[in-house]
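Beneath this line is the structure, given in structure tokens, with notes to follow.
Remember, it's a predicted structure, so these values are computed and weren't measured experimentally. Computed from heavy atoms alone, side chains included, the values below leave out hydrogens, waters and symmetry copies.
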Amino acid sequence: MTQPHGEDAGLHLLVVDDEAQILELLDLTLTMSGFLVTTARSGPDALALAQSRAFDVIVLDILMTPWDGFETVRQLHAALGPALPPVVFLSGLNRAAQVPDLGDALIAAYLVKPFRPSQLVEVIGQVARAARNRPSD
């Protein structure tokens, strides 16, 4: 199992997927990789959690109900503004099929399923480091 870089261990992740088995698998995989994981089963649940505490990275499935991943990010961005952490999208859709009206600023990374757990761990570390290194306005 891939371990996050030293500075990435202990990152607090919000992982959102409406499929319980996938959510459990992501929770287990990311916890074993050294991350602190909070899970949500829907976009509205993710919004409530993100408004109650800070997260370093959000890992978000696209195909969910009642809000898909894109609508969830729109709602999170409306509520959190610049405090919105980087978002890693997970999808069975290829990148070209995504809805383009979010703007790349809200999409830190996009992983197409199936992916290896080590890929997800690496991408989470990359987006967290990029967010830490971004100059504040």
Side-chain angles (χ1 to χ4, degrees):
M1 175 112 355
T2 300
Q3 294 298 311
H5 298 279
E7 64 197 71
D8 299 330
L11 286 175
H12 199 167
L13 310 180
L14 175 57
V15 180
V16 190
D17 198 307
D18 63 347
E19 292 185 46
Q21 289 177 312
I22 292 174
L23 198 58
E24 282 181 35
L25 183 63
L26 289 169
D27 185 4
L28 180 65
T29 299
L30 294 170
T31 299
M32 288 175 55
S33 294
F35 297 113
L36 303 171
V37 178
T38 299
T39 60
R41 293 279 310 269
S42 71
D45 290 349
L47 179 60
L49 285 164
Q51 289 177 308
S52 70
R53 66 185 92 147
F55 294 96
D56 297 302
V57 176
I58 297 174
V59 178
L60 183 60
D61 187 40
I62 291 176
L63 299 176
M64 300 188 302
T65 59
W67 301 344
D68 67 11
F70 299 118
E71 181 60 25
T72 299
V73 166
R74 283 187 203 92
Q75 296 289 336
L76 286 164
H77 186 250
L80 302 176
L84 178 67
V87 176
V88 176
F89 278 118
L90 307 179
S91 178
L93 305 171
N94 83 26
R95 176 93 191 213
Q98 78 167 285
V99 179
D101 65 351
L102 280 178
D104 282 343
L106 298 182
I107 303 171
Y110 191 101
L111 276 179
V112 177
K113 297 173 185 175
F115 51 83
R116 291 186 316 278
S118 61
Q119 285 177 289
L120 180 56
V121 169
E122 185 57 36
V123 165
I124 289 167
Q126 288 170 356
V127 301
R129 287 189 296 278
R132 277 196 299 270
N133 294 331
R134 191 172 28 233
S136 54
D137 296 330

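Here the shortest heavy-atom pairing between Gly69 and Leu60 reads O-CD2, 3.4 Å.
Within the 3.5 Å criterion, the main-chain N or O of Leu26 finds no donor-acceptor partner in the side chain of Thr29. A distance-only check finds no donor-acceptor pair linking the side chain of Asp68 to the backbone of Met64 [under 3.5 Å].
Every residue was checked against the side-chain hydrogen bond (donor to acceptor under 3.5 Å, both in side chains) condition with Asp56, not counting sequence neighbours, and none meets it. In this structure Ala79 satisfies the side-chain contact (heavy atoms from CB on, under 4.5 Å) test together with Leu47, Gln51, sequence neighbours excluded. Looking at residues two or more places apart in sequence or on another chain, you find a side-chain contact (heavy atoms from CB on, under 4.5 Å) between Pro66 and Ser42, Pro44.
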Worksheet entry | Derivation of the side chain to side chain contact (heavy atoms under 4.5 Å, CB included) call for Phe35 and Val57 | CA-CA 10 Å; Phe35 297 113; Val57 176; over 6 Å; no

Return a table of donor-acceptor pairs under 3.5 angstrom between the side chains of residues 80-90 and protein atoms on other chains or two or more places apart.
none

Contacts table for residues 10-25: side-chain donor-acceptor under 3.5 angstrom, sequence neighbours left out:
from, atom 1, to, atom 2, distance (Å)
His12, NE2, Thr38, OG1, 2.8
Asp17, OD1, Glu19, N, 2.9
Asp18, OD2, Thr65, N, 3.2

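The closest side-chain heavy-atom distance from Glu122 to Gln119 is not below 4.5 Å.
Distance check: Leu76 CG to Phe55 CZ gives 10.0 Å after rounding to the nearest 0.5 Å. Separating the CG atom in Asp45 from the CH2 atom in Trp67 is a distance of 9.5 Å, to the nearest 0.5 Å. Once rounded to the nearest 0.5 Å, the distance linking CZ of Arg129 with CZ of Arg132 reads 7.0 Å. If you take CG on Leu111 and CZ on Arg116, they are separated by 10.0 Å, rounding to the nearest 0.5 Å.
Grouping the Ile, Leu, Val, Met, Phe, Trp and Tyr side chains by contacts below 4.5 angstrom, directly or via other members, places Leu63 with Val112.
Sequence neighbours left out, not one pair with a member in residues 111-131 passes ring pair (Phe, Tyr, Trp, His ring centres under 6.0 Å).
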